[in-house]
Amino acid sequence: MPISLGELATNFACELIGDPDVVVDDVASLANAGPSSLSFLSNPANMQQLSLTKAAVVILRADDAGESPTASLVHENPYACYAGMAALIHPAPSYEPGIHESAVIAKTARIAASAHIGPNAVIGDRSIIGENVYVGPGSVIGPDCVIADDCKLIANVTLTRRVRIGLRGIVHPGVVIAADGFGNAKTPDGWVKVPQLGGVSIGDDVEIGANTTIDCGALDDTVIEEGVRIDNLCMIAHNVRIGAHTVMAAMTGIAGSTVIGKRCLFAGKAGAVGHITICDDVVVSGKGMISKDINEPGVYASNFPAEKVSDWNRRVAHFRRLDRLLDRIAKLEKAAE
Amino acid sequence: MPISLGELATNFACELIGDPDVVVDDVASLANAGPSSLSFLSNPANMQQLSLTKAAVVILRADDAGESPTASLVHENPYACYAGMAALIHPAPSYEPGIHESAVIAKTARIAASAHIGPNAVIGDRSIIGENVYVGPGSVIGPDCVIADDCKLIANVTLTRRVRIGLRGIVHPGVVIAADGFGNAKTPDGWVKVPQLGGVSIGDDVEIGANTTIDCGALDDTVIEEGVRIDNLCMIAHNVRIGAHTVMAAMTGIAGSTVIGKRCLFAGKAGAVGHITICDDVVVSGKGMISKDINEPGVYASNFPAEKVSDWNRRVAHFRRLDRLLDRIAKLEKAAE
Amino acid sequence: MPISLGELATNFACELIGDPDVVVDDVASLANAGPSSLSFLSNPANMQQLSLTKAAVVILRADDAGESPTASLVHENPYACYAGMAALIHPAPSYEPGIHESAVIAKTARIAASAHIGPNAVIGDRSIIGENVYVGPGSVIGPDCVIADDCKLIANVTLTRRVRIGLRGIVHPGVVIAADGFGNAKTPDGWVKVPQLGGVSIGDDVEIGANTTIDCGALDDTVIEEGVRIDNLCMIAHNVRIGAHTVMAAMTGIAGSTVIGKRCLFAGKAGAVGHITICDDVVVSGKGMISKDINEPGVYASNFPAEKVSDWNRRVAHFRRLDRLLDRIAKLEKAAE
């Protein structure tokens, strides 16, 4: 959607340095922008690209505005400002309300008139689908689910049963919510399945990445609070609670009954063992595994960066001989006495 | 389903301390139980919750019965006993036999009359579906599969072809069984795909978690023996064999042709390289990677718990300077001679 | 398909030692081969199996031909030769052209007459499906996709939108391509979603394993070059570029905007952080995490093999006391002066 710089400045409370009547109809990186593109400078590493950009206008901080070769929209948070403007210029496609003829809807389900239920979607008994909800092709919503207004289930999503999703939730393809938690009781004859009777409760404004799984609780619900962002291929086990606005990058795994605070950040492949509590504002770096309660905000890590295999193998060999090293030091100390 | 304490005691061979005519109709944790709830005490860490519980009855060990403020069902394995009672009080939903009109069934497939084939399920040529099998919505069963009696494929499950599942199997949503193993032969012009011609053979009483993948064998079958439990997002590569009653927590990965013994336990994010043999009764702790044959039962580990990043980085720096450390010790030793 | 040794030798440019009129109709491992089986010897570790094989013929290198108890097809690359012969003897099933009556095809989609569109598949606006393409059951192809000739989407695949796949691509079940990249801008009120506007561009001869996810680019496309092989449960984040003929084993994760060279090899559970460049011909061993640019071809590692937990815990304790160890050495050095 084409929009003038003047309108953008007004709608997003930016200072405009440039002609308010110039119109943009596209967004692009600084390097690829053309004369009708909006771009942004957020990372100082891209400062050099700014000087060469052909964008119509660049969103940037006041301090950087002097370097811009083109019009500027000055904002203290250029990236967030860009996010909003990009959503305006490239609005998400809209969908016709209605239920596709190939969808299978239980008699006791309730579907808002403005909802879009796509081809081959299946909606189970007593489930409630709110206004403007988009249920994409092949999605299966089992019984007793509540999907609040303005949610999007993109395609081939599975909500097994008893899932509540708050307003404006986005669930990407292949996500499975409320599959049985992994509960097994040991007996001399093998494992007995422990019935998993809870549901999954998800707050407003939550986004869940492709092929992520969130298991149902054993008795009480698994809980994802509002504003949480979970990337692809993550695993949230039964009875986990994830605090508001926490972010988890891809392949993060959280074991059962662990409670995570607000505004935490798990980098890729991070994780936490079960039955622990992690306070607010904890950052776990890539591949880091939290193995006990964390009571102090801050950054936690446990990963080794890769090295040339010859260097790495030598270090691992040393590591495995630390016993002997200690003996040698003790002997030297004794001799020195 | 409401049931009296007397019936529970009889059916599960417990000693009842309390009124046999009291009726329970719900299960709950000690903390959340109400006056018609059954609860259990398995973990001694919850002993304090026992003293405060409002449950109608608690399953517990003989030694703990004296501490119960309410009726007791005494059993040596309270958790397994609870699993059975919970399944009785909250039976899994039953499904009408029959094939949904939207399901697509190959002419040469054979479906037992008592089976339930859900909406948009697809069943391929020559596949056989046993008595009381539940094939949930959107599931695709390719050709030449055999699903034994009482299996449940919850929803959006894919069995590519030549998959045999034993009695009472449970396959959670998003699982993919018998996709091609990862076989590539190197040539000067790039990789040539090696045909993957085997199937997957799964024993009785196996449960497979959401979005897990089990690849078909290259020539012979990939084999999962009876009683195995696999959690979500695990990867079982071609020609792996997993011994009976082995348990794998989420995100475990087993590379091709590895043979794993009986009653092993892989904690979350654990794994094993390909072409090795792991004996019975091996436990691999979280993130542990088995890299060679294991011939001795026991616990194996290779993970570092996360620490504050400043501490962690200092240790990693030391680790990377172990060469120099060794030099300094050697010099000291020489001086001491 | 039965075929004579003479024909095999001619078609694959092998030297045949044996009767050209003998016919094989099966492939098998050396150990399981029968009198009408073709087998191969590639790994010297299997030399002993060669002496006992009952195969009709064995593909092997010239140096090994003397050890064969049966006919030999001599080739310098027996495994690649086997791959081709196996595909000839056990050809992939063929499918009737046409669109299944349960598939849902957008009016503006274009489907080649020779393509097979399976039950419950969904194809979106403006998408183009080439000659001999197989779109398996339950697959969802969103708008603006281009699937080149001879591709196979096995089943329950999801291409969200703007995905281009080159000739002969194979996409296994549960794969999700072009879900939104993980772009979130921080604000005082929580995270704002950054629109993900790019697509995914995949070259010719690419194979993608079950339940892998490849996110769309934020602005430009995520790119997978020709001949790449990606195993199951991998994660390719937005704006990654993977060079031609690179191979990634299961559970590998590549974070956003990282550029990977040609002919690289990532072993299982390997990964790379975002915004780095990895040159051609890099091998990353299992669980290795690349954390900065790699400019030199070679093997890189960062994993510890599992040990008995008592040994492992002792080493980790030493590792955590390296500070003190250094102090002790410094004290000894001072004393020695």
Side-chain angles (χ1 to χ4, degrees), chain A residues 27-29 32 77 79-80 82-84 86-87 90 92 100 102 118-120 136-138 154-156 170 172-174 205 207 209-211 226-227 229 231-233 244-245 247 249-251 268-269 286-287 303-309 312-313 316 319-320 322-323 325-326 329 332-333 336, chain C residues 102 104 120 122 138 140 142-143 156 158 160 174 176 179-180 182-187 190-195 197 211-213 215 219-220 233 235 237 251 253 255 271 273 283-285 288-292 296 298-305 307 314-315 318-319 325 328-329 332 335-336:
Chain A
V27 297
S29 61
N32 292 334
N77 189 342
Y79 192 44
Y82 161 76
H90 295 288
H100 192 273
S102 64
N120 299 326
I154 305 298
N156 279 334
I170 301 176
H172 289 287
D205 296 301
E207 183 165 357
N211 283 353
E226 72 271 15
R229 304 294 163 100
D231 198 359
N232 297 6
L233 288 166
H245 307 296
V247 169
M251 295 176 147
K269 293 200 168 188
K287 292 190 79 172
N303 68 293
F304 290 83
E307 301 179 78
K308 281 190 190 177
V309 72
W312 178 257
N313 286 347
V316 171
F319 172 78
R320 294 181 136 189
L322 281 173
D323 278 344
L325 210 74
L326 277 165
I329 294 173
L332 284 165
E333 285 170 336
Chain C
S102 64
V104 177
N120 300 325
V122 177
V140 173
N156 279 333
T158 307
T160 305
V176 177
D180 281 352
F182 199 57
N184 299 289
K186 200 169 191 174
T187 75
W191 300 95
V192 173
K193 181 178 176 66
V194 179
L197 302 166
N211 283 349
T212 279
T213 66
D215 280 356
L219 286 165
D220 306 318
L233 289 165
M235 163 59 175
M251 297 175 145
V273 303
V283 175
V284 185
S285 68
M289 185 176 86
I290 305 295
S291 60
K292 57 182 185 189
E296 202 180 325
V299 182
Y300 294 79
S302 66
N303 69 292
F304 290 83
E307 302 179 77
R314 204 174 59 249
R315 298 192 213 295
H318 293 332
F319 172 78
L325 210 74
R328 287 164 66 184
I329 294 172
L332 284 165

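Values in this document were obtained by computation on a predicted structure and should not be read as measured data. So that the names make sense, note that chain A is the first sequence line, chain B the second, and so on, each numbered from 1.
With sequence neighbours left out, the side chain to side chain donor-acceptor pair (under 3.5 Å) criterion links R320(A) to no other residue. Residues passing the side chain to side chain contact (heavy atoms under 4.5 Å, CB included) test with N313(A), sequence neighbours excluded: V309(A).
Proximity of a side-chain donor or acceptor of D231(A) to a complementary backbone N or O of F182(C) within less than 3.5 Å is not detected. At distances below 3.5 Å, not a single donor-acceptor pair connects side-chain atoms of N211(C) with backbone N or O atoms of N211(A). Side chain of N77(A) to main chain of K186(C): a donor-acceptor pair is present (N/O by atom type, distance under 3.5 Å, no hydrogens or angles). The closest donor-acceptor contact from the side chain of R229(A) to the backbone of W191(C) lies under 3.5 Å. The backbone N or O of N120(C) lies less than 3.5 Å from a partner atom in the side chain of N120(A), making a donor-acceptor pair.
Atom NE2 of H90(A) sits about 5.5 Å away from atom CG of L197(C), to the nearest 0.5 Å. Interatomic distance, K287(A) NZ to S302(C) OG, rounded to the nearest 0.5 Å: 5.0 Å. The CD atom of E207(A) sits 3.5 Å away from the NZ atom of K193(C) when rounded to the nearest 0.5 Å. The structure places OH of Y300(C) at 10.5 Å from CD of E307(A), a figure rounded to the nearest 0.5 Å.
Looking at heavy atoms from C-beta onward, V176(C) lies out of side-chain contact with H172(A) at the 4.5 angstrom threshold. Inter-residue side-chain proximity for R328(C) and L326(A) is flagged as met; some heavy-atom pair is nearer than 4.5 Å. F319(A) places a side-chain heavy atom less than 4.5 Å from the side chain of R315(C). Residues T160(C) and I154(A) are in side-chain contact: their nearest non-hydrogen atoms beyond the backbone lie under 4.5 Å apart.
The shortest non-hydrogen separation linking A155(A) to V140(C) is CB-CG1, 4.2 Å. Looking at every heavy atom in both residues, P195(C) comes nearest to A83(A) through CD-O, 3.4 Å.
No part of P143(C) comes within reach of chain A, as not one of its non-hydrogen atoms sits under 4.5 angstrom from that chain. Looking at K269(A), the atoms closer than 4.5 Å to chain C (heavy atoms on both sides) all sit in the side chain, from C-beta outward. If you measure heavy-atom distances from A210(A) to chain C, the contacts under 4.5 Å come from both the backbone and the side chain. With a 4.5 angstrom heavy-atom cutoff, E226(A) does not touch chain C via any of its atoms. Both the backbone and the side chain of S29(A) have a heavy atom closer than 4.5 Å to some heavy atom of chain C.
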Worked check of side chain to side chain contact (heavy atoms under 4.5 Å, CB included) between H318(C) and D323(A): CA-CA 8 Å; H318(C) 293 332; D323(A) 278 344; 2.5 Å; yes
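Between chain A and the residues E296(C), K292(C), M289(C), the largest count of heavy-atom pairs under 4.5 Å involves M289(C). Each of T213(C), T187(C), V192(C) has some count of heavy-atom pairs under 4.5 Å with chain A, and the biggest count is that of T213(C). The choice from A301(C), A335(C), A185(C) that makes the most heavy-atom pairs within less than 4.5 Å of chain A is A301(C). When each of V284(C), L233(C), V104(C), V273(C) is checked for heavy-atom pairs under 4.5 Å with chain A, V104(C) comes out on top. Ranking D180(C), I290(C), N156(C) against chain A, the residue ahead of the rest is D180(C), based on heavy-atom pairs under 4.5 Å. Interface check for chain C: of the options L332(A), V247(A), L325(A), the most heavy-atom pairs under 4.5 Å are formed by V247(A). The greatest number of non-hydrogen atom pairs below 4.5 Å with chain A, out of A336(C), G253(C), G298(C), is found for G253(C).
Using the six-membered ring where Trp is involved, F304(C) and W312(A) have ring planes that are perpendicular, over 60° apart on the 30 and 60° scheme.
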